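These notes concern the structure reproduced below.
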Amino acid sequence: MLNEPVINLLTEAISALIEINPDIEEAILNSIETPPSLEFGERSSNIAFKLAKPLRKSPVVIAEDVSDNINKILSIDGGISRTEATKGYINFFFDFSIVFDKIYSQITTEDENYGKNNSGNSRKIVIEHTSINPVKPIHIGNLRNSILGDIVARLYQWNGWEVEVHNLIDDFGRQVATLIWGLLEGLQLNVIRGSNEKYDVWLGRLYSYCNSILEENDSWNKVDKVIVDIRKNPVIYQFMRNISQACVESNLETAWRHGITYDYLVWESDISRSGIWEETLQLLEKSELFFWEEEGSNAGCFVANLGKLPEFQDKKNPFKIFVRSNGVPTYVAHDVALQMWKFGLVKASLKNRCLFKQINESKNTRDLWSSTDYKIPVLKSPMIGNADRICNVIGVEQAFLQDIVKYSLKLLGLEEQFQNSFHLSYKHVSAPAVRFSGRTGNWYEERAWADAVFEDTYNTAFTAISVKRPDLDQNITKKQEITTNVTIGAVRYWLARFSTETEIKFRIEDATSLEGDTGPFLMYAYVRALKILDKIDLSSVKEKFRIENKSISEQEKRLILEFFIFPEVIKSAASSFQPIQITKYAFDLASWFNKFYETSRVISADNLDIQGFRVNVVKAFLIVMHNVLQVLGIPIIDEM
RNA sequence: GGAUCCGUGGCUCAGCAUGGAUAGAGCGUCUGCCUUCGGAGCAGAAUGUCGUGGGUUCAAAUCCCUCCGGAUCCGCCA
């Protein structure tokens, strides 16, 4: 919206110097940027540098020519008051009295939809996240996964996609079998559950204990037997399923308190028995790139020949085993089948039931469905799967396997699905001494569970609020409500504000921080803005005011510019799967509001025209900030 | 051995995709702003060979190569 008049003017002015072709059009489009400082205007173009070679003139001269041409054809209607050539750059200066008018009417008209677009065109994306083994509580590393996935889900909704969030429960894996082995052996008698201990926390301790016993006696083969029993013995299966279900429900409590919700729980055992692997195998067998190996070390295995793809040519071993010689498919084969199922390429005969009504931080309810082993489905379920796009949120250590999943689709000639398979990969959360690994059990680092981080942050926030709001001592319910919301905001923001390629170093004082580049900083800016409108007598505020560009301060201009770019940030963050872009934006927006707050008095403004203008700036800010917080899943509160 | 990612003030991180104006934040330190539209804030100061060495370019934190340091992956494990 801000760029369009700039592009039009540039194109017209440049056409006087050189013939416009699509390449130049694109170069003009890409040349627009935000200058480092407002002394260089509000928008600038470095197109003169790009034209230096074809025109065989210096960028400085070109910039001056273009700028002169623009000033000849300039009319104020587009909001641009003048241009200036500086050191080869062409800088555009806006008249904010005009520009703000436009953005204000757009923001107030669209209100809580400001920033949304329909580029998804109702296509469907399935986002899988969390997906932890149901034997332990959620730790801070899992929480990073969940929050990244949750924000990406919100982003896709804002981009007009239908979103379905899956959480895969691996109840057929080695970890569950280990736990079940321990329970069948009666090891729970040695790990007594505390009276207030959360169920998944206790299971986690028990699971850890099981591992240590197996390690001591080097008796891992006992787990192999349980793996078979779980599959073959209905009584043991049901026992396992009940334990897993209880663990998942305990995990869900943790997720919900952090504002994370799901649409569908996919149970690995249901998936395994639904026939999707067999169906997938039939499809794979039709391709000559997947075959049953008859000789060599892989004899008797069903393998994929990845060496046909340039991406895998330098691999030492281009053959990836999908089915072992004993007939059991590998993990990656399951993942390929699962991916095919999510795309609707194979039809699983799954039965579903509605488990819970989830309530998120905006008090909206959302049904949580689950696959089930019940003989008869409880209710008719909504359409599951049939995705146009898939995003799997999985740690970077699984990048190779996710590549195999994706490229298997390519080998099958499923180019469309190949292009729409995304792996949102992120690095681990680490402590100075230990890396939290769910596998080995050393995740059991004190205070690194999601619930513990929540509690620690809660306590820090509670102390802070006790100091800042002594008046709330009389209203403990309100105080707890605010503390809870501040905690959710702090933890969410902290886990989302790092690039996914950065390994987060877990330090409790960073995680629980409430000042500076944090969630509460954003929430506080919003509260401050609300308080202005609360306090001012709106009936005396001028709705039609006259203001000149020169009486609009730099802080006001910067804040208004932030309003403009929000819709672009929503698009960019979704297409790059980088929630950090939203946290950065939210922080900038709040920062500029705070600077505005310090320098531009609203209630005691110099005159009623300026006051009317500033009231509208505050109103626009509230809408944009509200929407950013919504995308981040940070609670929107009116006092703190 | 092969592959991928990371290395930016004392600490924790943005920026790199698509090369452009004085390399940005937050924390910590120091100085100011409590006659507060709510100080979880604001203004200012100090702190940088953007790991090293080369290359490409009018221009490199950003692209290419070398080396150093760190992480991860390359199972008939899941």
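Every chain is numbered from 1, with letters handed out A, B, ... down the list of sequences. The basis for the numbers below is simple: all heavy atoms, side chains too, and nothing from hydrogens, waters or symmetry mates. Predicted model, so just to flag it, every value in this text is computed and none were measured.
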For [X], answer base if it contacts any base atom (sugar-phosphate contacts may also be present), sugar-phosphate if it contacts only those atoms, and nothing otherwise; contact means non-hydrogen atoms under 4.0 Å.
X         : answer
Thr178(A) : nothing
Asp170(A) : sugar-phosphate
Ser499(A) : sugar-phosphate
Asp537(A) : nothing
Phe40(A)  : base
Ile536(A) : nothing
Ala511(A) : nothing
Phe49(A)  : base
Leu533(A) : nothing
Val527(A) : base
Glu509(A) : nothing
Lys531(A) : base
Arg614(A) : nothing
Asn46(A)  : base

In this structure, how many angstroms lie between the [atom2] atom of [N] and the [atom1] atom of [X], rounded?
X         : N      : atom1 : atom2 : answer
Glu397(A) : C74(B) : CD    : P     : 10 Å
Met640(A) : G41(B) : CE    : P     : 9 Å
Phe400(A) : G75(B) : CZ    : C1'   : 10 Å
Lys505(A) : G26(B) : NZ    : C1'   : 15 Å
Phe587(A) : G24(B) : CZ    : P     : 15 Å
Leu522(A) : A40(B) : CG    : P     : 15 Å
Trp181(A) : A78(B) : CH2   : P     : 20 Å
Glu598(A) : C33(B) : CD    : C1'   : 8 Å

Ring geometry between Trp277(A) and Phe322(A) (parallel below 30°, tilted from 30 to 60°, perpendicular above 60°):
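Judged by the thresholds at 30° and 60°, the geometry between Phe322(A) and Trp277(A) is tilted.
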[N] to [M] separation - [atom1] atoms, rounded to the nearest Å:
N      : M      : atom1 : result
C6(B)  : G15(B) : P     : 10 Å
A3(B)  : G48(B) : P     : 37 Å
A60(B) : G19(B) : P     : 13 Å
G69(B) : C76(B) : P     : 31 Å
A45(B) : U49(B) : C1'   : 23 Å
U8(B)  : U62(B) : P     : 14 Å
C65(B) : U22(B) : P     : 29 Å
C68(B) : G54(B) : C1'   : 15 Å

G41(B) pairs with which nucleotide, Watson-Crick or G-U wobble, both distances below 3.5 Å?
C33(B)
Under 3.5 Å for both donor-acceptor distances, Watson-Crick or wobble: does U56(B) have a partner, and if so which one?
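Paired with U56(B), as far as the under-3.5 Å criterion goes, is no nucleotide at all.
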Pi stacking test for Tyr524(A) and A40(B): under 5.5 Å apart, planes under 30°
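Whether judged by distance or by angle, Tyr524(A) falls short somewhere, so it does not stack on the base of A40(B).
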Mark yes or no for a side-chain to base donor-acceptor pair under 3.5 Å between [X] and [N], with no hydrogen or angle criteria applied.
X         : N      : result
Ser44(A)  : A21(B) : yes
Asp335(A) : A78(B) : no
Ser325(A) : C76(B) : yes

Could you say whether Arg469(A) or Lys53(A) is positioned toward the 5' end of RNA chain B, judged by the nucleotide with the nearest heavy atom to each?
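Between the two, 5'-proximity favours Arg469(A).
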Need to verify one output field. Residue with the more 5' nearest nucleotide on RNA chain B, Gly173(A) or Ala590(A)?
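Nearest-nucleotide comparison on RNA chain B picks Ala590(A).
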Whether [X] contacts [N] is assessed here as follows: a side-chain N or O lying under 4.0 Å from the phosphate OP1 or OP2. Is that the case?
X         : N      : answer
Arg528(A) : G39(B) : yes
Arg324(A) : C77(B) : yes
Lys468(A) : A40(B) : yes
Lys535(A) : G38(B) : yes
Tyr331(A) : C76(B) : no
Lys427(A) : A71(B) : no

Side-chain heavy-atom pair [X], [Y] within 4.5 angstrom cut-off:
X         : Y         : result
Tyr426(A) : Val393(A) : yes
Val323(A) : Trp292(A) : yes
Ser219(A) : Asn221(A) : yes
Pro134(A) : Val176(A) : yes

Does the pair Phe596(A) and Phe593(A) meet the rule for a ring-ring contact (aromatic ring centres under 6.0 Å, His included), with working shown?
CA-CA 5 Å; Phe596(A) 160 85; Phe593(A) 175 77; 5.7 Å; yes
Counting only heavy atoms from other residues, nucleotides and ligands, does the tally under 6.0 Å from NZ of Lys531(A) exceed 12?
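Count over threshold, so yes.
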Gln474(A) atom CD: more than 12 heavy-atom contacts under 6.0 Å
no
If I compare all heavy atoms of Thr83(A) with all of Ser67(A), which pair ends up nearest, and what's the gap?
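In this case the closest contact between Thr83(A) and Ser67(A) is OG1-OG, 2.9 Å.
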